[in-house]
Visitor: 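Supplied in structure tokens, the structure appears directly below.
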Amino acid sequence: MKVKIFFFIIYFLFLAPLYSNDEKTKLLEIYKNLRCLVCQGQSIADSNSDFAATIKLVVQDHVNKGKTTDEIYSFLISKYGEWIVYQPTLSKNNLILWVLPYFVFIVGGWIIFIILRKSKDNKAN
Amino acid sequence: MKISFVKIIIFSFIVFLLVVFWRGLKIDNNYNTKSLIGSRISNFQLSEINDDDQYISEEDLKKNKYTLINFFASWCAPCRTEHKYLLNLLNKNKEIKIIGINFKDKKFNVNNFLNELGNPYNFVGKDIDGKISILFGIYGIPESILINNELTVIKKIIGPIDEIQYDDIIKLIQ
């Protein structure tokens, strides 16, 4: 019995706060990726506006109901359009936006490689 | 003259960036609700401002040919300017029902507001904490949504209804 009580106390002292922190972190992550539509360049996490406060309440409700992050984003996108999320989902309209950084990275690396090789060849000659 | 392949790629990339920036300058970055036209109103239940036992849901709105859902508050000054257009809509058109959703307000103030200016609403619901407004994609007060009996959004008005918006609603419901 004593062992059970010991583990019970350990659970509430150490593990329960961890769970609540997980939820807080998840909420904060979601707030940071949501745009405050009535503010200038602020996320829901940064804003104290009435709109941000209401969105926070709704997100909390959804998290309490066990909805996933993607489900919450989909819900808000269906109500406010994709403008409400900072990280848009992949679509044919923004394909370039997603692919370009990788393209630039690969092509840039290739150009640097060619330039270095040329300069090496020139030095060797 | 030999032009290196690397130079062509760098030149193409610069041209590409210029085209992207030029197009980017012309895109309107202001939030608009164009994408929401044609979407459907989802599950909601709205309690009456003075009687919690009385409520409406989307099933009730299907009975109306057109419904204008108007978000208002007694503390909102622009709501006073649009009130006369709502009264006109109610008096001159039998095709349309007006549902008022009172946003983050006190019952006493709402009743005073409606007694003073007149009540254009077929039903006045309450949204004490603002959560219902999110279901309708509202982000400020006043806002109005015109829907048909299939619960499809036909028009969304951000800000107070003025003469132009009023004429637009009349055209849409005729």
Side-chain angles (χ1 to χ4, degrees), chain A residues 34-42 44 47 49-62 64-65 71-72 74-86 88-89 91 93-97 99-101 103-119, chain B residues 2 4-14 16-17 19-21 23-24 27-44 69 71 73 75-76 101 103-105 127-143 145 151-153 156 158-159:
Chain A
L34 293 174
R35 192 189 306 272
C36 174
L37 298 178
V38 295
C39 320
Q40 287 285 328
Q42 276 187 311
I44 290 293
S47 171
S49 70
D50 215 21
F51 176 74
T54 314
I55 290 283
K56 281 175 188 169
L57 279 178
V58 171
V59 171
Q60 273 169 25
D61 278 359
H62 278 67
N64 291 341
K65 282 178 193 166
E71 282 172 334
I72 295 169
S74 300
F75 167 77
L76 289 169
I77 287 170
S78 73
K79 303 299 170 194
Y80 291 96
E82 205 156 294
W83 183 242
I84 193 147
V85 287
Y86 277 112
T89 48
S91 71
N93 292 332
N94 58 27
L95 188 70
I96 284 183
L97 206 69
V99 173
L100 194 66
F103 178 77
V104 169
F105 181 73
I106 292 164
V107 172
W110 181 64
I111 290 171
I112 290 167
F113 173 74
I114 287 177
I115 291 168
L116 285 176
R117 201 175 63 177
K118 262 192 179 175
S119 67
Chain B
K2 194 185 165 192
S4 78
F5 189 59
V6 173
K7 277 179 186 168
I8 292 171
I9 287 200
I10 292 171
F11 179 74
S12 319
F13 186 65
I14 291 167
F16 171 77
L17 280 182
V19 171
V20 168
F21 289 145
R23 279 178 65 97
I27 292 170
D28 181 15
N29 282 325
N30 289 325
Y31 172 65
N32 68 58
T33 53
K34 277 178 196 164
S35 62
L36 302 179
I37 308 295
S39 63
R40 292 191 74 201
I41 297 294
S42 59
N43 303 340
F44 76 94
I69 304 167
F71 283 80
W75 45 261
C76 144
I101 301 183
F103 181 82
K104 295 187 179 178
D105 211 342
D127 183 17
I128 291 170
D129 51 14
K131 286 182 193 171
I132 291 170
S133 71
I134 303 298
L135 285 176
F136 290 89
I138 302 297
Y139 73 104
I141 300 292
E143 271 189 52
I145 302 169
L151 306 180
T152 306
V153 176
K156 191 160 190 259
I158 295 172

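The chains referred to below are lettered A, B, ... by the order of the sequence lines, with proteins before strands, and numbering in each begins at 1.
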Visitor: Non-hydrogen atoms of chain B under 4.5 Å away: do they reach the side chain of Ser49(A), the backbone, both or neither?
Guide: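 Contact with chain B: none, neither part.
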Visitor: The criterion is side-chain hydrogen bond (donor to acceptor under 3.5 Å, both in side chains); which residues satisfy it with Gln42(A), sequence neighbours excluded?
Guide: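 For Gln42(A), no residue satisfies side-chain hydrogen bond (donor to acceptor under 3.5 Å, both in side chains) once neighbours in sequence are set aside.
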Visitor: Using side-chain hydrogen bond (donor to acceptor under 3.5 Å, both in side chains) as the criterion, list what pairs up with Lys56(A), not counting sequence neighbours.
Guide: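 Checked Lys56(A) against side-chain hydrogen bond (donor to acceptor under 3.5 Å, both in side chains); zero matches.
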Visitor: Distance-only, no hydrogens or angles: does the Asp127(B) side chain make a donor-acceptor pair with backbone N or O of Ser133(B) under 3.5 Å?
Guide: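 It does hold such a pair.
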Visitor: Taking the ring of Phe103(A) and the ring of Phe13(B), is the distance between their centroids below 6.0 Å?
Guide: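 Not under 6.0 Å, so no.
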Visitor: Please look at Asp50(A) and chain B and tell me whether the side chain, the backbone, both or neither of the residue comes under 4.5 angstrom of a heavy atom of that chain.
Guide: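 For Asp50(A), backbone and side chain are both near chain B.
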Visitor: Contact part of Ile9(B) toward chain A, heavy-atom cut-off under 4.5 Å: side chain, backbone, both or neither?
Guide: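 Side chain of Ile9(B) only, per the 4.5 Å heavy-atom cut-off to chain A.
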